[in-house]
Amino acid sequence: GESVGLHLPTLSVQEGDNSIINCAYSNSASDYFIWYKQESGKGPQFIIDIRSNMDKRQGQRVTVLLNKTVKHLSLQIAATQPGDSAVYFCAENKAGNQFYFGTGTSLTVIP
Amino acid sequence: DAGVTQSPTHLIKTRGQQVTLRCSPKSGHDTVSWYQQALGQGPQFIFQYYEEEERQRGNFPDRFSGHQFPNYSSELNVNALLLGDSALYLCASSLGGGAADTQYFGPGTRLTVL
């Protein structure tokens with residue numbers, strides 16, 4: 001079956017540093033990926049997405065990299081701020097309408 | 001522009017009871033997906049509704065059923081509640097009937113089964 005896993009369950013960074021959150025996926029047929037941010041007591045919030053025909057996509061302070069060769073996805077957050085503290089999920093879509101989510105990485109920003 | 005809304009915010013039920021959760025999609029969206037998120041886990045796909053039909057279903061028993069109305073809002077029904085059904089239930093909406101559409105989530109309904 002499909003699985004979406006995260007390399008590190010927790011990550012702590014100093015305010016102002018860059019953060020990198022990693023995600024491994026197992027299904028080579030997955031064609032669309034989304035990063036979500038979930039704050040305590042709230043629903044997941046869309047951050048950025050990338051399709052399988054791309055290697056990199058940039059947003060405001062965030063960059064997503066996709067390495068299809070090793071089936072790896074990463075989210076880079078520049079100049080991390082206290083408001084970035086949350087759980088981050090990667091989700092993959094395997095040519096259907098279901099999104100498969102990993103367990104999540106908890107990011108803590110240290111002031 | 002209203003985002004995805006869900007009601008109620010919190011709900012407490014006892015084993016064996018039935019529950020109905022409600023979702024209104026983001027303005028302009030016509031597709032609703034439901035997810036179950038257990039504590040400390042990622043969301044798990046339950047099913048998706050488009051054009052008032054269940055289009056795709058995850059690995060959940062028939063106790064979980066749903067409905068979509070002509071105005072695109074949706075309900076999730078769970079019968080014969082079990083303790084293990086305690087979770088955050090999330091609704092996500094998207095536009096279009098195609099695959100791989102970006103899904104936007106609501107705040108969720110926290111269901112506690114005693």
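Throughout, a chain's letter reflects where its sequence line sits, starting with A, and its residues are numbered from 1. These numbers were taken from a predicted model, which means no experiment stands behind them.
Using a 4.5 Å cut-off between heavy atoms, Phe47(B) does not touch chain A at all. For Gln6(B), no part lies near chain A; criterion is any non-hydrogen pair under 4.5 Å. Only the side chain of Gln38(A) comes within contact range of chain B, with at least one heavy atom under 4.5 Å from a heavy atom of that chain. Within the 4.5 angstrom heavy-atom criterion, only backbone atoms of Arg57(B) (N, CA, C, O) approach chain A.
A salt bridge between Lys13(B) and Asp85(B) is absent, with no side-chain N of the basic residue lying under 4.0 Å from a carboxylate O of the acidic one.
Aromatic rings of Tyr35(B) and Phe99(A) (six-membered ring for Trp) have centroids beyond the 6.0 Å cut-off, not under it.
Within the cation-pi definition used here (under 6.0 Å to the ring centroid, within 45° of the axis), Lys26(B) qualifies as a partner of Tyr104(B).
Exactly one residue among Ser74(B), Ser94(B), Ser33(B) makes a side-chain hydrogen bond (donor to acceptor under 3.5 Å, both in side chains) with Gln48(B). That residue is Ser33(B).
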